[in-house]
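Whatever order the structure lists ligands and atoms in, that order sets their numbers, starting from 1.
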Amino acid sequence: MRFPKTPNYSGFFAPSGVEAEVSHIPVIEGEVPADLDGAFYRVAPDPQFGPLAGDDIWFNGDGMVTMFRFKNGEVSIKQRWAHTEKFLLEKQAGKALFGAYRNPLTDDESVKGKVRGTANTNVMVHGGKLLALKEDSPPVWMDPETLETIAPIYDFGGKLTSETFTAHPKIDPDTGEMLAFGYAAKGLLTRDIVFYVISPKGEITNEVWFEIPYYCMMHDYGITKDYVVFHVVPITSNWERLENKLPHFGFDKNKPIHLGVLPRNGTADDLRWFSAPNCFASHVMNAFNEGTKVHFDTPMAEGNMFPFFPDIEGGAFEPQKAASRITRWTVDMLGNTDDIEMTRMTELVGEFPRIDDRFAGKKYRHGFLLVQDFDKPVDLPGGRSASGMMMNTLAHIDHETGETDTYWVGPVSSLQEPAFIPRPGSTEEGDGYLVVIENRLAEMGSRLLLFDARKLAAGPVATLQIPFRIRMGLHGNWAPAEMIAAA
Ligand code: V55
Ligand code: FE
């Protein structure tokens, strides 16, 4: 069960397999503010075993969770795999048993009916639990201090009846509730969605079930004070694809997009659907409502952004159509049109949008994202990374002034998604830091960078050396010390 020598398993994308505990990491430059007390959790796909089919996509690796614990101006690290049901069964077997991404028809007979989730997409603390998330399965409950897995399949005390749980739940900054959803909630490929409200203590207190116009990769969504907003995007699948062993998802350039807006205290009957012509959008920067007018900000591209989920009609991948720019989608719940008004917010090409999470669902000013600056040189033997995305710039967009503030990380590095850390004691939007992992692609190493969120061009306020390569990851979040200790 060796790892294949394919691009998904080579170079900076080589599996890491590093489980680690490091008591402090060197600060190369600058200083870590002594009053930062908390942890930055993040997760990356990192396969435990070589794939059954000879190759696999990055999205299918086992979730490796990293905790960067900040205290007294020092940073320690813990890194552990999330012990999903899949991880434990394969560990016991000493080899891969689960096959291709989201295709149980490719699995070993011995694991039929088992949960296929990899917990590789997002990690966050809520209700004293560290939840490691993958959108095709229930959360994995981990200990926020030790990163030990407490429950490989966490079902909220039996209340989670959905088969799935999004990797992009939101925390309402006013109520402390977690607002989440599941898609394919009644089984693989189903059009069933469930929206969940989860109390600050972690109890499911409300759920709303509904169906979407067509099955799709509903990877993220938006919350506002009064609504939740679901975008149906043309990354679709069906049983025929799975039987033919095609990649689970494919891009259908003939389908429109749909935007479903549900009043937070409403029922499925109150859901209103809007639509627009074919395009690509996955992550959501933020959403908010002004009365019945709902705004939804997303990095939107004209065409498919994922070469590994190819055009369903066999069309070639078109890199120039994969360029995404933050675009504001606006609809009015009482308006007389079902169309979506679209306004481009910036010319920067980027993805991995973040905000000051204290302003989730609210009218906001500051947006952050990773940008591909094509004008900057790349000085690597392999050129741009295996995913085709060379995120070389960290950017701040001021929605109020339209100004941008950027930091280019140089010709031999790329960046992972930032997370916002509020400055202790502050309440003003954007007053805080961005924490980012730098991929040192040439030397196969990693650094941790800390920026003043509103002074990116000035460069990091602290640069720390991570003593091992951190694999390219997805999402993560900051948790202050009091949230970690509440476990
Ligand atoms: C994404 C990532 C996933 C996934 C589905 O858009 C969508 C990102 C890391 O896994 O399963
Ligand atoms: Fe995501």
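- In the vicinity of Glu135, heavy-atom distances shorter than 4.0 Å reach the ligand 1 atoms 5 (C), 7 (C).
- Residues Ile198 and Phe156 meet the side-chain proximity criterion, which asks for heavy atoms closer than 4.5 Å.
- Every heavy atom of Pro45 sits 4.0 Å or more from the atoms of ligand 1.
- Ligand 1 places these atoms under 4.0 Å from at least one heavy atom of Leu474: 9 (C).
- When the N, O or S atoms of His219 are ranked by distance to the Fe ion (ligand 2), NE2 comes first.
- Rounding to the nearest 10°, we obtain 100° for the angle at the Fe ion (ligand 2) between His168 NE2 and His475 NE2.
- In terms of protein heavy atoms, atom 10 (O) of ligand 1 is closest to Lys134 NZ, 2.8 Å.
- Contacts between Asp136 and ligand 1, counted as non-hydrogen atom pairs separated by less than 4.0 Å, are absent for every part of the residue.
- The aromatic rings of Phe296 and Trp329 are tilted relative to each other, their planes meeting at an angle between 30° and 60°.
- Side chain to side chain, Arg116 and Asn60 fail the donor-acceptor criterion of an N or O pair below 3.5 Å.
- The two residues Pro353 and Leu369 come nearest to each other via the heavy atoms CA-CB, 3.9 Å.
- Between Arg264 and Asp172 a salt bridge is recorded (basic side-chain N to carboxylate O distance below 4.0 Å).
- The name of the N, O or S atom in His283 nearest to the Fe ion (ligand 2) is NE2.
- The protein non-hydrogen atom at the shortest distance from atom 7 (C) of ligand 1 is His219 ND1, 3.2 Å.
- For the pair Glu429 and Lys362, the salt-bridge criterion is not met [side-chain N within less than 4.0 Å of a carboxylate O].
- In the candidate list Phe306, Tyr101, Phe249, Tyr101 is nearest to atom 5 (C) of ligand 1, counting heavy atoms.
- Close approach to Met217 involves these atoms of ligand 1, each under 4.0 Å from a residue heavy atom: 5 (C), 6 (O), 7 (C).
- Within a 6.0 Å sphere centred on CD of Glu240, other residues, nucleotides and ligands contribute 12 heavy atoms or fewer.
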Problem set entry | His283 vs His219, ring-ring contact (aromatic ring centres under 6.0 Å, His included): CA-CA, chis, key distance, verdict | CA-CA 7 Å; His283 286 129; His219 178 65; 4.8 Å; yes
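- Among all protein heavy atoms, the one lying closest to atom 3 (C) of ligand 1 is Phe59 CD2, 3.4 Å.
- In this structure, Lys225 fails the cation-pi test against Phe288, since its NZ or CZ atom is not both closer than 6.0 Å to the six-membered ring centre and inside 45 degrees of the ring normal.
- For ligand 1, the atoms lying closer than 4.0 Å to a non-hydrogen atom of Ser282 are 6 (O).
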